[in-house]
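Quick note on labels: first sequence line is chain A, next is B, and so on, each numbered from 1.
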Amino acid sequence: MTTHLPGPRPLPSMFRVAWLVVAFSVRRSLNRIAALRKKPKKASAAREGTARKGSTGGFLLAIFSALILFSSVSQATRLVYNLAASAERRDLGSIALVDASTMAWIAWADDHAHAGLRTHERTQLRDALDRLAETEGLHDDAEIAKRTDWRLQLFSERGVAGFHESKLKRSSLPSRALWYGAADSPQMLAPLGVVAWLLSTSFMLIAVAGPNQDLAKVEWVLEWWFTFPVPARGLLLARVLETAFGSPLGWFVLAPFFSVTYCCAGYGWLGLPLGLFSVVYIGLLAGCLRVVAETVLRRWVALRNVARVQAVLSVVGVLPMVAAIATSSPEWLEKVAHFSQTVPFVVLVNRLSPIAIATGGAHAWQTLLACASFAAIATLAATTFGGWVLRDGLTTSAGSHQGRRGRALDENARRSFIPSALVRKELLSLFRDRTLFSQTFVLPGMILGMQVLMNRRFAQSLTATPQHAAGMAFAAAGLVLSTGACNTLAVEVPVLWIYFTVPKALDRLFLDKAVFWSCLAALIAVLVYGVAAALGSWSPLAGVAMLGLVLVGVTLNAFIATGIGVLGTRALETDTKRRISPAMTYLYLAVGSTFAYALYAPSAWAKFAQVVLSTLLAYALWQKVRDHAPFLLDPNERPPPTIAVADGIIAALMFFILQALLGLYFGSIGYSPGGSLLLAFSLAGLVTGVVMLFSFWRMGVPKLFGRLGLSAPRRGFVRGILTGVAVGLLCGLAGKGYLLVVDHVDVLRRLRDETVSLSSPDSGSIAPWFALLAVLAAPVFEEFIFRGVLFGGFRRSFGPVVAAASSALVFAIVHPAIASAPVFLLGFAAALVYEHERSLIVPMATHMTYNAVIVGLVFGSHS
Amino acid sequence: MGSSIVEIRGLTKKYGGFSALSDLDLEVRRGELFALLGPNGAGKTTTMRMLMGILKPSDGTACISDLNCFEDRVAVKRLVGFLPDEPVFHDYLRGIEIIRFVGGMHGLSAAEVEARAWPLIERIELADATHEFAVNYSRGMKKKLGLVCALLHEPQLLILDEPTSGLDPIATRRLNELLLEKVHSGMTVLLSSHLLDQVQKLCQRMAIISGGRLAAIGTLEELRSRATAESSLEEIFFAVATESIANAAVSTPRSP
């Protein structure tokens, strides 16, 4: 019997294949978002994908995305305005350009000049010109004075005729008023064309080097799709589309730049879709480049050289981006504008360059059509060529790095001077992985090097003072940590199982890695600082002290970066690109850079306070790492809910920020300063307390009220309160002794007087309010935060004395420096009585008594 | 054979509303070669991952040498060697470098690592590839490398998840001989496998898990009571597993 087999089905077209792949990726993304729900709406026997523990990464990503978008729009708007102002200045020649308010001042001064300007009139004019210089982007006092002197000289020579009111209206939002001249003005378009070229070049190079962890290795998903009976061109087309639409660089950097440019050129809101068109166009070209590069490199280049190419591109690709972003510096912008005049206009602005859309009219339509056609042709050509290259297979060999087969002659390990197996492994991986090495060491060096080359003032300032050199060294180390330490866990996820088989706690292993990165980053910092110090002229002692501070900051930042990296990595994520959210790197950069304040703070106390705060942050992160580490590979389980040091930090931050905002609000609606102070303090404390209680309750912290000390004292209310009062009196006595010492020690007395004068110009009227705050409000809310939450968090990891000292130290540094010593003693004593009685009533009594004594002493001495 | 080295009581693992493992009671005696059998998705790997402290039990306890596998996981690691089903190794590291790294992480000196590693490497015939990057190893070679890493610190208990999958017949025989040798010298081995004829020859006791529950446990003779007197392990497995699946279908209401 003959069996008739059905004929072969027709192959899906390349467009159908591309559509299927794109839809597949979109489905996956939607499932991932859905799986982030903490609790499923209904229990079911079937698992919905892999259970995901709730992640704050999505929330942080949304915040940072909004911030980056806003920053990009602001920067692009500023760029357009600065270019316009520069073009306007050039056209006016020797006439000085000023804004409307400064012009009014100059006209007024000109009216009075015939009688001779009086001193105060000269001062007013100078102040107006100083303000104008500041709005022009100058911040250095010497530079501001220089520009103002030039304008005053011009005024004395030519009067009001030497000035012209600018037609441009400074604005934080893009508008036509920021554009100078016609829409097709070469003075505007040429430098914008240079910036567009820089951004597009960077986008394309990063598109080739960036997406794949190892360019030489074919991704498993591509290898899987390659086994289907579909045309390779369809898979490659999907690749092109993925690059065009899936790159954050395109949406967060290029799109704002182009949209703002078109909006300012006269398109208004139409600038937005035109900007998106430009991004898609450049994205398609980048995708084509990526497809061609991947297929050609894997097919015809030795895979170890492919890895080298990737390493180079990953570094070189960032540099044009840095150059484009650096146009926020007026000096660099002038250089870019000058350079743009030397390049033939047609190179920068032509029918295939989307910036030409800004010219408007028929040229714009021609550009749109030409770009769309070119993108289509390029995509077709790239996918066809790629398909032809792949006719013999996806790749030629297994891996990008080949070792040696056969018996080893020397079978014994050479003695290593590095005792730690983990450090040895880290060093081997770091120096063999060229991409990681380049991104960790070469890229920060090149970024900072470019800053030095592009900004002459910046270069000079590095050797002028130890602070600037320290800042540069700290920044260099910070960049190293953002790549290395932040990715500590992300790079280890596939091999995490090994760490679960060794007799060492996982958090200790991460700690070892933090120490490793700390040492590496410190070496970089010392190198940078050493070079600056060799060229600088400051005293060796000041230099050593500043270097010491940098090393402290680098060490703390290493722990902060590693902690954020571990907490922000999704160990169960199979897609390597999604394992760590870019928001974590931004979070580290934002948080870690706060230490720079310590380098520039004028007083030793401010430096010390910053060191303490950074240490607190690092410790809080590591407490969380210790809690979460055992559950990294468990899709469901989390550490038991508890109160941590991080909760204390959140409570304190919330309290201070709310207090400041509410104080401003109440002041603005007419409350007296004293009333605003008390109301803001109390309301902030109340809201903080309620929010923290609610969130702990939601988390399911067991025995919540007991843990927070919201229970009766162990020995009863009466004895507890009496104990609190007694300890408060003792602390008050110590405080009185301290006040006597302050009166007799010059430096302390000066510090006290300075603190009192800064705190309120009208301290007499707020005194009663301050007394109420100090005696009633502050003890209640501050004890909840610093003893109930923060001390409780420390107590999980330390004994009572160390925990008390730690919470007291934080308590002390949030108070004025002059009060830190007695406040530390108060905090320490309050924590110990809280530990003894396990009720917040007691330290509240201590705090109230102490404050009452001190307030009484201070006000008594003034009256 | 002496007392138990592994004691599992009421071990349960839930993922949301789904139970991967329910109420498992199990003991593995010291010095025995014990097999964990079951259909795909039965809960074998979940059990092993809980023994290694990778997953936290939703309920019940798992102890190795009276140490809780999750709470005392660091101490447990000193006693246990583990080989997962699909071992993955670091990029940019050679086989021998990974072995030295693992040895160092177990607190072995460089000399100890060299003294212990090379006989193992020779025994499982990995010597020709030790200086190759592990990322270029075949699946079987990765298994061998993982096995060396698991045996390096001479553990009391060896937990192997599908140890022979990906190994050629010669390597499989070598591995079986090695395991028997280790068991005779006092090591306990707990392994999972789908190769029932090998398990039948190798293991003294075995447990069959199906649908997250223990379906049967005992020696081959004891398990034969669930089928016929002369049944092979494969026949026993089918009998037990299908019975367990049928019971599970009866007890789980169909969704509309």
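- Each of His153(B), Arg73(B), Met52(B) has some count of heavy-atom pairs under 4.5 Å with chain A, and the biggest count is that of Arg73(B).
- Interface remark: Ser109(B) contributes no atoms to any contact with chain A (heavy atom separation under 4.5 Å).
- Around the CZ atom of Arg508(A), the shell of radius 6.0 Å holds no more than 12 heavy atoms that belong to other residues, nucleotides or ligands.
- Taking a cutoff of 4.0 Å between a charged side-chain nitrogen and a carboxylate oxygen, Asp512(A) and Lys504(A) qualify as a salt bridge.
- With a 4.5 angstrom heavy-atom cutoff, Leu422(A) touches chain B via backbone and side-chain atoms both.
- Of the possible polar contacts, none joining the Trp497(A) side chain to the Pro84(B) backbone as a donor-acceptor pair under 3.5 Å is found.
- Ranked by heavy-atom pairs shorter than 4.5 Å toward chain A, the options Lys14(B), Lys56(B), Arg49(B) are led by Lys56(B).
- Only the side chain of Leu509(A) comes within contact range of chain B, with at least one heavy atom under 4.5 Å from a heavy atom of that chain.
- Between Glu97(B) and Arg424(A), none of the side-chain N atoms (NZ, or NE/NH1/NH2) sits under 4.0 Å from a carboxylate O, so this pair counts as no salt bridge.
- The two residues Ala117(B) and Ile99(B) come nearest to each other via the heavy atoms CB-CG2, 3.7 Å.
- Heavy-atom pairs under 4.5 Å with chain A peak, among Arg78(B), Met105(B), His90(B), at His90(B).
- Between Phe441(A) and Phe437(A), the two ring planes are tilted [angle within 30° to 60°].
- For chain A, the nearby parts of Pro87(B) are the backbone and the side chain; heavy atoms of each come within less than 4.5 Å.
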